[in-house]
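Since the structure is predicted, the reported quantities are computational estimates derived from the model, not experimental observations. Order of appearance sets the numbers: ligands from 1, and atoms from 1 within every ligand.
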Amino acid sequence: MPNPKENSSCHKVYITTPIYYVNDVAHIGHAYTTVIADALAIYSRMVGHDTFFLTGTDEHGQKIQEAAKSRGKNTQEYADKISGKFKGLWDDFGISYDKFIRTTDQEHKEGVQYAFAKMFDKGDIYKDVYKGHYCISCETFFPKIQLVDDEFCPECGKSTSIVEEESYFFRLSDYQDKLLQWYKDNPDCILPRSKRNEVIRFVESGLEDLSVTRTSFNWGVHLPEHMNDPKHVMYVWLDALMNYLTALGYGTDEAKIEQWPARVHLIGKDILRFHAIYWPAFLMSLEMPLPKHIAAHGWWTRNGEKMSKSKGNVVDPKEVADAYGLENFRYFMLREVPFGGDGDFSQRALIDRINSDLGNDLGNLLNRLIGMSSKYFAGVVESDMLKKYYKVELENMQNSISKLEPLLFEMQIHKYLEELWRPLSIANKAIDQYQPWTLMKEGREDEAMALNALVANILANVAIMLHPIMPKTTDSIATALGFRVSQESYRNIIQDNKLLNKFTVEKIPPLFPRIEEVVLVEKIEAEIKKKLEPQENKTDEGIAIIGIDQFFQTALKIGTIIQAEEVPKSKKLLLLQVDLGDGDVRQVLSGIKEWYSAEELIDTQVCLVANLKPAKLMGIKSEGMVLAAKDEDGLVLVRPEKAKKPGTTVS
Ligand code: ME8
């Protein structure tokens, strides 16, 4: 990255976030990625680069189709609604995206079809049959050895199903060496660098060709019409990754594509494999230049667990922003956690950052300047004498500022902010050391004015460089100092080290009123407490102690098995029809085939969890779960001691 002092030329800078799945609403993990990208985009525009910032939503695939179905909604309407919520949140947050792409946009679909045809014509895509373990939740096939207990997804823990279908394949294996060469030639292509090593190890262990179409559902981009194969839709990751190109007009409006390649794709570490392996391979196949950086950040956790929609432990970014101030929250997220590492969300840490870094170090410095200049100089600040008296402090500050830009684009954002706080400490120390009140008492007015000017100029530099993270707050600081944050002030103050012209300080209200605990949002607090309770109340075996109310949330009923049959191709599953009385017959899949034959189960009774959300295994719906006990000697079903009427409640 060029030094800002030398860099006045304009570059094209294309910044992207992942496109978010519309299977549920946003949480702070999404806000984190989006805010980092926003900060980079604001910075890049301020420097004068031709900047394009893309975000959007990922709307195809079985997961979305099922999410809509389980809510009884039409898939497109459901996608419209959740996509609108993401967009609404980013608009509320003032995120400065240039385009919000949706994978259901017509131009996107056409662009993906164009790319597919291009790869097919080149011979990089061929047709074959695929058989494998598929996790719907992650929209990914996993080799058997990676499964937990031969069945469960290694990523999310959910049950996988065996999918056997005709499929088109991308010749990923052909790109193994080229990918390794790319990682080798571009040490910064994956950030942080430690993540690059992980990717290299993965690729070196061997790449298999990638199945890139599905026939088991239809909510996706269809193959180009001329390929005459209407039952196939594209693999959601091929569709989704292509958004980075189609948003620029790839396949529909080539004239706009000059913004490519991406300067940085910001992602979470959960989707690094797709971005660092599949995506560059697709791009190589399409003969497109590769992105400069793929930057993977860590996870936000709650009590040490990854925050995720499926776990239900998410923190709503809007609630936090409303409670503590949007820009304070932005600062906190970017300052608190080293990029690439995980961070546990804590309100205590957030309050400490606001009161200490923002209130004490930054806000108080501005108050001190306002106080000193109005008391001694009717609010006027003049920089004429600054270099005469405080040259060393000034140079130290400028030295710190000049180190910043590379840190930002190398994704060392917490270090960027750490470094940016050094000038503030230079200013605060100078006031304590030289004491303007003593200088005034001793009649050294020039020195007192120079000290004021030192503080004002340091604040101006910090305001500009903090602008990408706290745009409105820094606009207020700049207003107090008589200037506006803009490309021009960036050039003058940061690049050319110019000092502020004579100005009169404008008094503005305190920027960071101290936050006491009582201001905490009760709702968030109550939620945290609720989450913590079961942790504190555990048996010696670590099992949560629950109240009777929680127990009664599970509907346990006696049912009679009226029909049982084997599930073709499954070693473990039997398909049972369980009568719960009053015409309520449940279809239940149960992994008991190793211990029971279908025949011996007919007309026997079981205990059934009757209010489980229906789930699909191997494409078959299951509407309950039979209780069983398993130890090293095998498994037995839990049954009533004597026959009971079907539907009898177990309590
Ligand atoms: O993966 N902490 O979408 P998604 C930090 N549609 N960041 C988190 C997070 C957490 N706990 N949880 C999610 C998808 N994120 C695909 C992407 S791109 C072509 C397709 C952030 O809705 C993080 O950036 O599951 C992660 O990569 C992204 O949200 C995934 O969002």
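- Residue Trp237 has no nitrogen or oxygen atom sitting less than 3.5 Å from a nitrogen or oxygen atom of ligand 1, judged on distance alone.
- Under 4.0 Å from ligand 1, not a single heavy atom of Lys269 appears.
- Distances from atom 18 (S) of ligand 1 to the heavy atoms of Phe274, Phe345, Tyr244 put Tyr244 nearest.
- Side-chain contact between Ser137 and Asn23 is absent, with no heavy atoms from C-beta onward closer than 4.5 Å.
- Considering each of Asp270, Ile267, Val22, Ile101, the one bringing a non-hydrogen atom nearest atom 26 (C) of ligand 1 is Asp270.
- Remark: Glu165 engages Val163, Arg214, Thr215, Ser216 in a side chain to side chain contact (heavy atoms under 4.5 Å, CB included) (not counting sequence neighbours).
- In this pair, Phe86 and Tyr20 present their aromatic rings parallel. The plane angle is below 30°, not in the 30 to 60° band.
- Looking at residues two or more places apart in sequence or on another chain, you find a side chain to side chain contact (heavy atoms under 4.5 Å, CB included) between Asn186 and Trp182, Cys189.
- With atom 20 (C) of ligand 1 as the reference point, the heavy atom nearest to it among Leu238, Ile19, Thr34, Val236 is part of Ile19.
- Classified by interplanar angle (parallel below 30°, tilted 30° to 60°, perpendicular above 60°), the ring pair His30/His27 is tilted.
- For the ligand labelled ligand 1, residue Gly298 lies inside the 4.0 Å heavy-atom shell.
- Side-chain atoms of Asp124 do not come within 3.5 Å of backbone N or O of Met119 as any donor-acceptor pair.
- Note: an N/O pair closer than 3.5 Å links Thr33 and ligand 1 by distance alone.
- Using cut-offs of 30° and 60° on the angle between ring planes, the pair Tyr114 and Tyr250 is perpendicular.
- The atoms of ligand 1 that sit less than 4.0 Å from any heavy atom of Ala240 are 19 (C).
- Between Tyr175 and Phe170, the ring-plane angle classifies as parallel under the 30° and 60° cut-offs.
- Listed by atom number, the atoms of ligand 1 under 4.0 Å from Asp58 heavy atoms are 6 (N), 16 (C), 20 (C).
- Considering both main-chain and side-chain atoms, Gly268 comes within under 3.5 Å of ligand 1 through a nitrogen or oxygen pair.
- Close N/O approach between His275 and ligand 1 is not found [any backbone or side-chain N/O within under 3.5 Å].
- Listed by atom number, the atoms of ligand 1 under 4.0 Å from Ile271 heavy atoms are 1 (O), 17 (C), 27 (O).
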